[in-house]
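Before any comments, here is the structure.
Residue numbers start at 1 and run along the sequence shown. Keep in mind the model is a prediction, meaning the values are calculated, not measured. Whatever order the structure lists them in is the order used to number ligands and atoms, beginning at 1.
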Amino acid sequence: MARRAPGSDPAQDAPRVGAPQHAAAGVPAVVHTLRAAGAQMGAGRTLSLLRRVNQHGGFDCPGCAWPEPDRPHLAEFCENGAKAVAEEATERRIGREFFAAHPVADLAGRSGYWLGQQGRLTEPMLLEEGADRYAPVSWERAFDVVAEELAALDSPDGAAFYTSGRTANETAFLYQLFVRRFGTNNLPDCSNLCHESSGSALVETLGVGKGSVRLKDLHQADLVVVAGQNPGTNHPRMLSALERAKRAGARIVSVNPLPEAGLERFRNPQTARGLAGGGTRLTDLFLQIRLGGDLALFRALNLLLLEAEDAAPGTVLDHAFIREHCHGFEEWAADARTTSWDAVLAATGLPEEQIRELAAMVLGSRRIVVCWAMGLTQHKHAVPTIREVVDFLLLRGNVGRPGAGVCPVRGHSNVQGDRTMGIVEKPAPAFLDALGREFGFEPPRHHGLDTVDAVRAMRDGRVRVLFAMGGNFVGAAPDTLATEAAVRRCRLTVHVSTKLNRSHAVTGARALILPVLGRTDLDATAAGRQFVTVEDSMGMVHASRGALRPPSPELLSEPALVCRLARRVLGPQDEVPWEEFAVSYDLVRDRISRVVPGFDDFNARVRAPGGFALPHAPRDSRTFPTATGRANFTVNPLTAPEVPPGRLLLQTLRSHDQYNTTVYGLDDRYRGIEGGRRVVLVNPGDARELGLADGAYTDLVGEWADGVERRAPHFRVVHYPTARGCAAAYFPEANVLVPLDSTADISNTPTSKSVVVRFEPDSGA
Ligand SMILES: Nc1nc2c(c(=O)[nH]1)N[C@H]1C(S)=C(S)[C@@H](COP(=O)(O)OP(=O)(O)OC[C@H]3O[C@@H](n4cnc5c(=O)[nH]c(N)nc54)[C@H](O)[C@@H]3O)O[C@H]1N2
Ligand SMILES: Nc1nc2c(c(=O)[nH]1)N[C@H]1C(S)=C(S)[C@@H](COP(=O)(O)OP(=O)(O)OC[C@H]3O[C@@H](n4cnc5c(=O)[nH]c(N)nc54)[C@H](O)[C@@H]3O)O[C@H]1N2
Ligand SMILES: [Mo]
């Protein structure tokens, strides 16, 4: 019998496949924007709402974390941002009648797409122990249930408090304060599944776990390397920045196993040229690398730079920068010189001439930015890979000067801000000191659980309560069946949500759904209209003001929810003025300004149009707050994933019609796929060798050290120009294949871009 893949509906999934496209945006994107938004909201509401996205005085797009320019374009949003807005601002609603009609078992059988399409949640719902469906519950009773279950734990560490990166700064700050006063650092977040590897590598090498470039640096670069990122879909507004860099003379190099349309050519929908003409060719050099080959690529580039320096001493490396600001160069160089070309060529799958061509471009460029996202962070050797990228930039002094630097492109719109606000399971002592001083308590010092460790702790019965501030925990975590089994062992699962998702259907003995206002909703309290703040991928902090009438009068804002919960759990004697914080977010910002460095005068500065920039020592003054006080060169042994014969290496990635686990539709337009998501992209050469005809259906079976069989049934084979030896399928349908214990060294991020799979006959839908 077929093992039904959780959270998808094979029966309704009938992909049709055409040719991939070679340009992104343009008129089709505008048409899709209006169609997608109009279907959810109606035409009038669509236009008035989209006019407020990313404008000064408007709301921050709930899509990606790409920064807004100083003077936003009148339409500073993209097709996918508009879909994110429409998904939230939909006029569809679900309340008690819906839950009465749909027992939990019914919800668990639905696809993520179906769940998301039902509409905005409108009232708190409780699933009582033994009940088969959720029933309405008052807010008071809901908070009582959470308090009861937390009080029943042996220790505060028996609860885990997850955060998804859409959570605004004020909510995040209040939430971590509540969790730490409760007594734990168990604050796993989506960043553990996302850019944790970037943070780990950058803190060690540069001293700050964030990108070092601003938008203007990108505009001024001579060379931009985009590795392991698909901006045409996931950060479409980045294409405008790349186009601008390009027009100023920059060259762009894409490093990717897939030829992504957005990186090939961009038709800027904000310009006449983009709408009417052929658009701008973006990529000058495309390196079709094997999955996990980037460490080898950067090692080879670094070797070539050393050799060029040997041939013309004093002309290639930035000796003054290395001498004054760096540590560990000699040791690093000695190791880099041992790099084996055989190993490089095997790991990258690239011709040597292409790597030499890129090295020549590097030698001809004074200002280099390297951008990356999940293609680099979700591998076993992700942290060494990013460290090697830093080595590459340090060699020619490409950190801390205009037009140059590291650019990890963040995902969720406030994932970076959440970390700044203290959503971190391994908090820095200085942060805890400041927090404890401001609120007169001793925060817990022992480290908490990250996302993977939280799943393990639920599996082992050590965590009995899962509380999630947004997100879709079971949908986003790896190893779907293992994660779901772990979550089901909890006493209580609580989800603070705007829309229904799979995590509401896979529950502990008891479960709560707590519905809240979203980004687009007007948030008015007794103190008047409130706004929240977010930090983008480049460290700019700005305000976000919702404008729509909330979907239901029952909804709480996220800050108010945290405050009421904190009061109920911590008791009337708790000294934090939770009631005041719930009414005036200015008071929360005053506290943030006293606890978090860089937020002085927060309330005044965030009211300036466009907000303000957080300090970044390496960028601003070439000072590096690392263990050595300098920028560290690191030695990173060359490794790459090993794939036995007859297997392929599978990456799990996003289609054009999804936002993480939220599926907007069943098309992946740029890749030529329509009407279905259960597809596996395979190079035609590999497909021939493996006997996989285009259009045939197959099961994907994951292979990993633990010997557990992980199977994703019924995927349609699509012959696609991906790198040899590599395959691709969509997240979250393929998450069943990612082993919980297969994680990146140091960052513990699941290896979602590196799963060894074999193909077995289709076991059916
Ligand atoms: N519309 C939309 N926007 C989003 C999201 C969304 O789901 N939808 N998600 C948001 C979030 S949370 C995040 S983190 C970002 C994600 O943004 P991305 O990282 O762009 O997302 P993925 O689809 O995972 O794409 C990974 C890209 O890396 C390539 N890649 C995979 N493995 C490798 C490798 O080993 N080496 C190299 N060089 N390339 C590789 C893939 O082919 C693909 O092009 O986007 C954010 N923005
Ligand atoms: N296999 C595989 N797994 C992956 C990845 C991958 O590339 N491959 N990518 C990983 C990455 S990069 C990330 S960031 C994670 C994402 O992990 P999550 O952040 O946990 O997941 P999302 O799908 O973004 O969460 C969507 C849900 O958030 C809720 N939501 C939306 N807006 C709001 C709001 O304003 N307030 C509240 N309270 N709730 C809201 C809605 O209920 C919606 O269903 O997934 C990771 N998992
Ligand atoms: Mo992410």
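- Residues V415 and S191 come closest through the heavy atom pair CG2-CB, 3.9 Å.
- Residue pairs that meet the salt bridge (charged side-chain N to carboxylate O under 4.0 Å, His left out) test with at least one member in residues 370-385, sequence neighbours left out, are K380-D745.
- Listed by number with element, the atoms of ligand 1 under 4.0 Å from a non-hydrogen atom of G292 are 34 (C), 35 (O).
- Note: no N/O pair closer than 3.5 Å links F731 and ligand 2 by distance alone.
- Residue contacts with ligand 2, taken as heavy atom pairs separated by less than 4.0 Å, involve C194 via backbone and side-chain atoms alike.
- Below 3.5 Å of separation, one finds an N or O of K753 facing an N or O of ligand 2.
- Interface of T652 with ligand 2, defined as ligand atoms under 4.0 Å from a residue heavy atom, comprises 1 (N), 2 (C), 7 (O), 8 (N).
- Under a 4.0 angstrom heavy-atom cut-off, R654 registers as being in contact with ligand 2.
- Applying the ring-ring contact (aromatic ring centres under 6.0 Å, His included) criterion to Y670, with sequence neighbours excluded, gives H656.
- Residue contacts with ligand 2, taken as heavy atom pairs separated by less than 4.0 Å, involve T661 via backbone and side-chain atoms alike.
- Below 3.5 Å of separation, one finds an N or O of V496 facing an N or O of ligand 2.
- Of all protein heavy atoms, the one lying nearest to atom 42 (O) of ligand 2 is K499 O, 2.8 Å.
- Heavy-atom separations between Q378 and ligand 2 include at least one value shorter than 4.0 Å.
- The nearest heavy-atom contact from the protein to atom 41 (C) of ligand 1 is Q651 OE1, 3.2 Å.
- Ligand-side atoms of ligand 2 in range of G470: 37 (C), 38 (N), 39 (N), range being under 4.0 angstrom from any heavy atom.
- Between F161 and Y175, the ring planes lie perpendicular to each other; the angle is over 60°, past the 30° to 60° tilted range.
- With R654 as the fixed residue, the side chain to side chain donor-acceptor pair (under 3.5 Å) test singles out one of N230, N660, N80: N660.
- Heavy atoms from both the backbone and the side chain of T498 come within less than 4.0 Å of ligand 2.
- Under the side chain to side chain donor-acceptor pair (under 3.5 Å) rule, E535 has a single partner from R419, K210, R410, which is K210.
- Counting heavy atoms under 4.0 Å from ligand 2, residue H495 does not touch it at all.
- In terms of polar-atom proximity, defined here as any N/O pair under 3.5 Å, A476 does make such a contact with ligand 2.
- Proximity of the aromatic rings of Y659 and H412 is defined here by a centroid distance below 6.0 angstrom, and this criterion is met.
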